[in-house]
**Q** 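Dropping a structure here in structure tokens format, bear with me for questions.
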2 protein chains.
Amino acid sequence: MFRTDAALDLAFQALADPSRRAMVDRLATGPATVSELAKPLAMSLPGVMQHLAVLEASGLVASEKIGRTRTCRIEPKALSRAEQWIAERRALWERRLDRLEAFLDETTGDT
Amino acid sequence: MFRTDAALDLAFQALADPSRRAMVDRLATGPATVSELAKPLAMSLPGVMQHLAVLEASGLVASEKIGRTRTCRIEPKALSRAEQWIAERRALWERRLDRLEAFLDETTGDT
DNA sequence: ACAACACTTAAGTAGAGGCTTAAGTATCAT
DNA sequence: ATGATACTTAAGCCTCTACTTAAGTGTTGT
């Protein structure tokens, strides 16, 4: 019927939460540990872990545990896929507006 | 503490649902009535109305009722804001990778 | 050894989200 | 006026989400 792209569901769902966007925002400046991500987030650590799990499930963030600390980083490809989905639809719409404008110019601007 | 941008919450939340993305997808090709949006969506009309309400609340879609039909269209500015939020974070991360690479080139590629 | 540290798991709860069916309300066509 | 059309409102249901607290598990420093 229509493309039911589950990866995009997860990516946009992940970005819909302000705490998770704050985490992505922080990670955009470079890798960080779970505690570092948690620090600015008025929330218990398990709460942060759950947000991290959502971000990892969406593919937007990856993490690796070394010793007792887990280090997280951004996964730019997943970010890019979400970005492009929007960009493509917007481009389509704007091309349509351009065609409309061109049509109007042609039919009214005719000397 | 951190920017709690409610507009982005709503936009990403709206895009997180496959039915709503299908609606945006359709609208990208041009305006459509509620029935037209509903047609491909294995769902009752009230269900579609609720999705439309979410899309309008997010600012991604606007609609206008004329007579008994409501015509919907894309609001490219809201689409653009969501797109840019992602683009900015991705750009930040990629600039960071570039600096890292430049640093490594400089310190190891030294003849 | 043993305490501090950095997560991790488990379980519970209140509220939001995605549907449904049933019953409206205007418009439009004849 | 009457019926069909195109939404619209209301109510209910069940699942999923975003937290919480309490109780672990493995690592590291002294």
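Proteins come first, then strands; the chains are lettered A, B, ... in the order of their sequence lines, and each starts at number 1. Values below: all heavy atoms of this structure, side chains included; hydrogens, waters and symmetry mates excluded.
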**Q** May I have the distance from A:M49 (atom CE) to D:dG26 (atom C1'), rounded to whole angstrom?
**A** 13 Å
**Q** Please give me the minimum heavy-atom distance between B:S58 and B:L10, naming the atom from each residue.
**A**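 The pair with the smallest heavy-atom distance is CB-O, 3.5 Å.
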**Q** Please state whether the phosphate of D:dT17, meaning OP1 or OP2, lies under 4.0 angstrom from any side-chain nitrogen or oxygen of A:H51.
**A** no
**Q** Can you check whether any acceptor in the base of D:dT17 is under 3.5 Å from a donor in the side chain of B:Q13, or vice versa?
**A** no
**Q** With nearest nucleotide decided by heavy atoms, which residue, A:G67 or A:V54, maps closer to the 5′ end of DNA chain D?
**A**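 Whichever sits nearer the 5' end wins; that is A:V54.
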**Q** Of the listed nucleotides (C:dC7, D:dA18, D:dT20), which one gets closest to any side-chain atom of A:T69?
**A** C:dC7
**Q** What is the distance, to the nearest angstrom, from the CG atom on A:L45 to the C1' atom on C:dT8?
**A**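 Rounded to whole Å, this separation is 9 Å.
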**Q** Would you mind reading off the distance between B:L52 atom CG and C:dG18 atom P, rounded to a whole angstrom?
**A**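 Distance check: B:L52 CG to C:dG18 P gives 14 Å.
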**Q** Please report the distance, rounded to the nearest Å, between NZ in A:K65 and C1' in C:dA6.
**A** 7 Å
**Q** Considering only C:dC19, C:dT21, D:dC19, which nucleotide approaches the side chain of B:P46 most closely?
**A** C:dT21
**Q** Report yes if a side-chain nitrogen or oxygen of B:S35 is closer than 4.0 Å to either non-bridging phosphate oxygen (OP1 or OP2) of D:dC7; otherwise report no.
**A**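 So the side chain of B:S35 is within the cut-off, an N or O lying under 4.0 Å from OP1 or OP2 of D:dC7.
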**Q** When you check the phosphate oxygens OP1 and OP2 of C:dC7, does a side-chain N or O of A:T33 lie under 4.0 Å from one of them?
**A** yes
**Q** Is A:R68 side chain donor-acceptor paired with the C:dC5 base, going by distance under 3.5 Å alone?
**A**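 Donor-acceptor pair under 3.5 Å: yes.
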**Q** Can a donor-acceptor pair under 3.5 Å be found between the side-chain atoms of B:Q50 and the base atoms of C:dT20?
**A**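 Present.
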**Q** Relative to the ring of A:F12, is the ring of B:F12 parallel (under 30°), tilted (30 to 60°) or perpendicular (over 60°)?
**A** parallel
**Q** Does A:E88 pair with A:R90 as a salt bridge, N-O distance under 4.0 Å?
**A**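 No, A:E88 and A:R90 are not salt-bridged.
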**Q** Any carboxylate oxygen within less than 4.0 angstrom of a Lys/Arg side-chain nitrogen, looking at A:E94 and A:R96?
**A**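 Result for this pair is no, no salt bridge flagged.
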**Q** D:dT5 C1' sits how many Å from B:K39 NZ, rounded?
**A**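 Interatomic distance, NZ of B:K39 to C1' of D:dT5: 13 Å.
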